[in-house]
Amino acid sequence: MQIEKNLSILKNSIPDNIDIVAVSKTKPINDLKEAYDAGQRIFGENKVQEMVSKFEQLPKDILWHMVGHLQTNKVKYIASFVNTIHSLDSHKLLKEIQKQAFKNNREIKCLIQIRIANEETKFGIEPSKLEEFLNFSKTLPNIKISGLMGMASFTEDKNQIRNEFRSLSNLYNSYDNLRVLSMGMSGDYQIAIEEGSTMVRIGSKIFGERNY
Ligand SMILES: *Cc1c(COP(=O)(O)O)cnc(C)c1O
């Protein structure tokens, strides 16, 4: 019952037009079922094998979002069903997603992950590379670039987080044809929404803390 409660508290605390990706990584199937029964349909995972296994066990109207770093050689395992890939960050990955989407005769939605944090550890392309990246993706018929994704630095400094989200939001707003701005996690989604997020990726606020 706790998951249903958490979801309802979360939904009541954010505007209706913001999409919630329930990030269920490491959590057991029964937790996902509880969220599903409460009406949740978008689930996020960061490991290919785990996503495949959960996809096989759960209802087929779930929209599966890959939020973690994706290795090129693993795209083939999720290409038949994944709805959106949030972590597009290289030409090589883009070409492989195109190849596998074509094989499956479908379109795969992708968000380009932009490096906004100062930290060295975060994946993503540099903002200055976006234009070229978008132009290249237009030549790929089975890829739909629906927007951008970014992660703020892991810091207590709320101003820094806000500034990083704002820079991504400005970049997003400079393109008319992008529809999705995926930014904000359990610890920073309120700031992300204030700065223009259209999609938040929430794990622990829904499912509780993860025990790795
Ligand atoms: C785990 C994860 C989340 C959710 O994190 P919480 O802090 O538990 O909300 C969001 N985005 C990505 C890319 C993640 O890996």
Side-chain angles (χ1 to χ4, degrees), residues 2-14 18-28 31-32 34-35 38 40-54 62-71 74-75 78 82-90 93 97 108-125 146-158 160-162 164-165 168-169 172 180-212:
Q2 192 57 46
I3 292 169
E4 184 181 352
K5 214 186 217 167
N6 291 345
L7 262 171
S8 125
I9 291 168
L10 179 66
K11 278 188 197 153
N12 287 329
S13 73
I14 67 176
I18 308 281
D19 286 316
I20 299 171
V21 179
V23 180
S24 46
K25 61 192 187 196
T26 79
K27 296 296 177 180
D31 286 8
L32 282 77
E34 186 180 337
Q40 182 64 31
R41 290 296 178 272
I42 310 177
F43 288 84
E45 291 285 336
N46 71 339
K47 297 235 162 63
V48 165
Q49 228 178 354
E50 190 175 343
M51 182 186 272
V52 170
S53 156
K54 286 172 173 173
I62 288 176
L63 304 174
W64 291 97
H65 285 220
M66 174 49 69
V67 301
H69 184 68
L70 180 58
Q71 281 174 277
K74 295 198 173 155
V75 175
I78 59 171
V82 71
N83 176 267
T84 302
I85 294 172
H86 287 234
S87 43
L88 184 57
D89 64 354
S90 75
L93 183 57
I97 297 170
I108 295 179
K109 286 188 266 193
C110 294
L111 306 179
I112 301 173
Q113 185 170 356
I114 306 289
R115 205 175 88 93
I116 51 170
N118 288 321
E119 299 162 343
E120 285 301 320
T121 52
K122 303 283 185 203
F123 294 104
I125 68 164
S146 41
L148 306 180
M149 182 274 235
M151 286 165 86
S153 295
F154 188 71
T155 171
E156 293 292 314
D157 185 346
K158 296 234 183 323
Q160 185 182 344
I161 293 170
R162 187 179 295 282
E164 290 173 0
F165 283 151
L168 182 59
S169 195
Y172 170 78
V180 180
L181 181 54
S182 166
M183 60 182 199
M185 308 175 25
S186 292
D188 57 20
Y189 71 92
Q190 275 126 338
I191 302 175
I193 290 170
E194 284 164 18
E195 296 303 328
S197 170
T198 73
M199 181 179 277
V200 291
R201 308 178 309 273
I202 311 287
S204 41
K205 273 256 158 147
I206 296 173
F207 297 104
E209 295 299 325
R210 287 176 297 274
N211 310 304
Y212 285 101

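Everything quoted here is computed from the prediction, not taken from an experiment. For the numbers below, each heavy atom of this structure counts, side chains included, while hydrogens, waters and symmetry mates do not. One-based numbering along the sequence shown. Numbering of ligands and ligand atoms starts at 1, following listing order.
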Within a distance under 4.0 Å of any heavy atom of [X], pick out the atoms of ligand 1 and give their elements.
X      : value
Arg201 : 4 (C), 9 (O), 10 (C), 11 (N), 12 (C), 13 (C)
Ile202 : 9 (O)
Ser186 : 6 (P), 7 (O), 8 (O), 9 (O)
Val67  : 12 (C), 13 (C)

Say you draw a straight line from OH of Tyr189 to OG of Ser197; how long is it, rounded to the nearest 0.5 Å?
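Those atoms lie 11.5 Å apart.
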Atom pair CH2/OG of Trp64 and Ser24 - distance to nearest 0.5 Å:
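Reported to 0.5 Å precision, the distance equals 5.5 Å.
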Which pair of non-hydrogen atoms, one from Ser182 and one from His86, has the smallest distance, and what is that distance?
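That would be OG-ND1, 3.1 Å.
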Is the closest N or O pair between [X] and ligand 1 shorter than 3.5 Å?
X      : answer
Lys25  : yes
Met185 : no
Ser204 : yes

State, with a plain yes or no, whether a side-chain heavy atom of Gln40 is found less than 4.5 Å away from one of Ile3.
no
Measure the shortest side-chain to side-chain distance between Phe207 and Asn6 over non-hydrogen atoms and say whether it is less than 4.5 angstrom.
no
Region of His86 that comes within reach of ligand 1 [heavy atoms, distance under 4.0 Å]
neither
Applying the side-chain contact (heavy atoms from CB on, under 4.5 Å) test to Leu88, which of Ile97, Leu111, Ile125 qualifies?
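Result for side-chain contact (heavy atoms from CB on, under 4.5 Å) with Leu88: Ile97.
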